[in-house]
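Reading through the structure tokens given below for one structure.
Chain naming here is simple, since letters A, B, ... match the order of the sequence lines and numbering starts at 1 in each. Being a predicted model, the structure only gives us computed values, none of them experimental.
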Amino acid sequence: MARYTPSEIEAKWQEAWEKTEAFKALRTADKPKYYVLEMFPYPSGRIHIGHVRNYTMGDVIARYKKANGFNVLHPMGFDAFGMPAENAAMASGGHPKDWTYDNIDDMVAQMKPLGFGLDWSRMFATCDPEYYGRQQALFLDMLEAGLVYRKNAVVNWDPVDMTVLANEQVIDGKGWRSGAEVERRELTQWFFKISDMAEELLDAIDTLDDWPAKVKLMQANWIGKSRGLQFSFSLIDGPEGHDRVEVYTTRPDTLMGASFVGISPDHPLAKQLEKDNADLAAFNAECRKGGTTEEALEKAEKKGFDTGLRVRHPFDTAWELPVYVANFILMDYGTGAIFGCPAHDQRDLDFARKYSLSVVSTYVPEAGEDSFTPPEDGGEAYVPPKTEKVRYVKGFAGDEVQTGNEGVETAIDFCEASGVGQGVTKFRLRDWGLSRQRYWGCPIPVVHCDDCGVVSEKKENLPVELPYDEDGKPIDFSIPGNPLDRHPSWRNTTCPSCGKPALRETDTMDTFVDSSWYFARFTSPDAETPTRMEDAEYWMNVDQYIGGIEHAILHLLYSRFFARAMHITGHLPAKCAEPFNALFTQGMVTHAIYQTKDDKGRPVYHLPEDVDLETKTVKATGESIEIVPSAKMSKSKKNVVDPVNIIAEYGADTARWFVLSDSPPERDVEWTAAGAEAAYKHLSRVWSLSEKIADMVPDTPGQGDEDLLRAMHKTIFEVTQGVESFGFNAAIAKLYAFTNTLAKSTAGQAVKSEAIKALAQLMAPMTPHLAEDIWAMQGGDGLIVNAPWPVADEQFLVEDTVTLPIQVNGKRRGEIEVAKDLPKDEVEKAALSVDAVQRALDGATPKKVIVVPGRIVNVVV
RNA sequence: GCCCGCGUGGUGGAAUGGUAGACACAGGGGACUUAAAAUCCCCAGGCAGGAAUGCCGUGCCGGUUCGAGUCCGGCCGCGGGUACCA
């Protein structure tokens, strides 16, 4: 008997697909199009089992849509700029470019054997000059359209290495290499005006019907529209040029509970005051230490400095409040100044208690709750949801009892009417800083000229290419900082406007720029311009986008912005404003960690192949291991599973089948070697089953043809539904069940052959090589990859009888089988006559009998 | 800190507000075999019981409902994001 040998059949069918160009994306008038895209990978050098899962899901959709008569675009590329390439060059010499392209070659070589239905002819990497040159053209068009500008912004500055650090390079406020305390420093940087589109990006979220609700919610919260009051406190004896402090508040209804004014250490007033106040200067300098992340700022201990200045309350000129500089107030949000109301904000309360400031409640729970302790008396800050009704004890506008939202609105109206301030709508979303002081990124194509200022490079001079060498010598990456800064032959150029000597911009672009339009470039990867309209018109939008939840906010929001910007600059049609029609976010692949402890109690990690799971010991030393289940795969914890080994041992179809089975795609999946083994066994079984059926004498009669057909059509229906709804794991469970049914069936040869062909077709998107082999064995027409998707025959789906569970007071006590359309009162009678139900009733008379047709009967006593 | 998720047997997980544990893995029992591997069949949430069956059970506490894994409120734990990781 022959055996299932993936190594042979997988190579064979991949060759057949390649020969027939089965996955080449073609524009033809006779078919609708379908664009399926997985978030492209960073070329780390090794594919990861998580990639296999991501691309397999996309491939299932792509092959399924092809079978349903679509022209499918399913491309692949690489998000190839970024820090790891420079880090590698720093750590072990070499050049980021060589490192990156070598990694891409390696990853393609690892991906090809998986048999993904990709149009490889469209592949590109974002570090290809053909790609980033067009990105530079796009940048210049955006600059011209007023979507780009320069302003100062803070970066993490390492004072020892004299370089800018990424947030992940700041560990506990210190530089990762130098260990020096990081400072926040201001630089002039390039920005995209994404905040101009805040309202539009927020409103359009409602049109994204096929996006996960959680992603839409996260984006809406990130954009953060708020309604508040902007007004000023007049400053008593302020320094020259400062007679008031402008504040923004989303809680003007708490104005009568104000106890202090806080300003950011970067506020103009704070900067003015520190000139004559060494203590304040020291305090501000201390505040400017540490990283720039929101997390670091929020978690830092809340500290303040009393400036000694005082302001007048806008409603009562006799009421004075102290002005503090506080480290938790951001210059970037609002006006960089706030008033603190300790009674209704825990952070302000902590601050007030620390500096002995007054605490005054402006509202209390509507109905006096016994358990309520006002913050004045040592309780927590009272912060109910804004939708909840509260009783204003120090209100000044609107009803005494109203919701927080009503309180805010009436307070704004009152303040506007009395000339105290204006109602203002603000967004949390900040403009997108794209400048990076690094080498391995897309150069920003502008020139700095002493006479002409900042001048765009001419489009015919694009791409502004990254220099590979420096005066004939390899660029030295061992020195911290941006090599472009110290590269005279590259940096010195002539002004495109006046022709005089000038300097190139040495900042490169954030890699999020690269990934914000690659999906559009895939529609015409060889175009001279960023996109070609007729291709974009045909292939856009992406019908199904698949990627990790970690990109829920930034990548997706930036792409939405770019799609709009590309329309404004004439690179995309208007219909592409929202470029991703449907989004699916898949979970991570996790794996157990095997660890021991060293003599100091620190964990030591071991590779899965180095441990014996039977005895739970390290093979080499015999030490017993501790097993930490389900941890995110990470190289440092040595729990990364390399799919290459799995493919070598079991074949691509097994790897594909396993990553789809068991776990719902949106959830994290635990990789276990036993699971892969089981998947392989099952595929072998299906293959053998096909061989047995192929060996049957044609037209051999049997019993149960109708039952098998019934099961087959039901499976076609359920699997189709599963694939449509990303229920791959559920679809696979149905395929298991149908395989069991088919294996046990005594039906005739003709029906069995029909059934195994249907099974192969249903499995084809998941295990395409095995499916082709079975199809060929059963004499199927052509390649299965070109066969139309099977359709379930309705007449086999209807059932005549139905099993109804019977509950008594919500507890299941028995069941009855009845005709599907039996009237309710008959069902009720049948249900009550069941022995177990009578026993459970124990003589009691039912008060009510609830009959849910086709579902359940509940007898209420 | 803030925003968003997730939590079901020994394990992965299934379940339009309607029989909790489908389908698998690991495990136990059996068949085949000189034997093993492979394959096939059966059992299997926990507790009690020979069984029939009963009670308990979807992280914890409470609520809505005839009925809650599912909806609502409050906790606990884990994960993602937090604007220079990609």
Kindly give the heavy-atom pair with the smallest separation between A:Val837 and A:Ala831, and that separation in Å. CG2-O, 3.6 Å
Under 4.0 angstrom, heavy atoms only, what part of the nucleic acid is A:Gln346 near: base, sugar-phosphate, or nothing? nothing
Roughly how far apart, to the nearest Å, are B:rG81 and B:rA15 at atom P? 27 Å
Using a 4.0 Å heavy-atom cut-off across all strands, classify A:Lys216 as base, sugar-phosphate, or nothing. nothing
Can you check the A:Ile856 CD1 to B:rA68 C1' distance for me, whole Å? 12 Å
Where does B:rG63 land, syn or anti, given syn is within 90° of 0? anti
Could you state the CG-C1' distance from A:Asn858 to B:rC66, rounded to the nearest angstrom? 5 Å
Taking the nucleotide of RNA chain B with the closest heavy atom to each, which residue, A:Lys299 or A:Ile549, is nearer the 5' end? A:Lys299
Ignoring hydrogens and angles, state whether a donor on the side chain of A:Trp190 or A:Glu505 is under 3.5 Å from an acceptor on the partner side chain. yes
Measure CD/A:Glu677 against P/B:rU11 and give the value in whole Å, please. 21 Å
A:Trp517 side chain to A:Tyr131 side chain, donor-acceptor N/O pair below 3.5 angstrom: yes
Span that lies between the P atom of B:rA22 and that of B:rG77, in whole angstrom: 32 Å
So the stems of RNA chain B, runs of at least three Watson-Crick or G-U pairs (under 3.5 Å), are B:1-7 with B:76-82, B:10-12 with B:23-25, B:27-31 with B:39-43, B:45-48 with B:53-56, B:59-63 with B:71-75
Any donor-acceptor pair under 3.5 Å from A:Asn858 side chain to A:Ile850 backbone: no
On RNA chain B, nearest-nucleotide positions of A:Ala80 versus A:Leu217: which is more 5'? A:Leu217
Is the number of heavy atoms from other residues, nucleotides or ligands within 6.0 Å of CZ (A:Phe717) greater than 12? no
For residues A:Ser515 and A:Asp79, is any side-chain donor paired with an opposing acceptor at under 3.5 Å? no
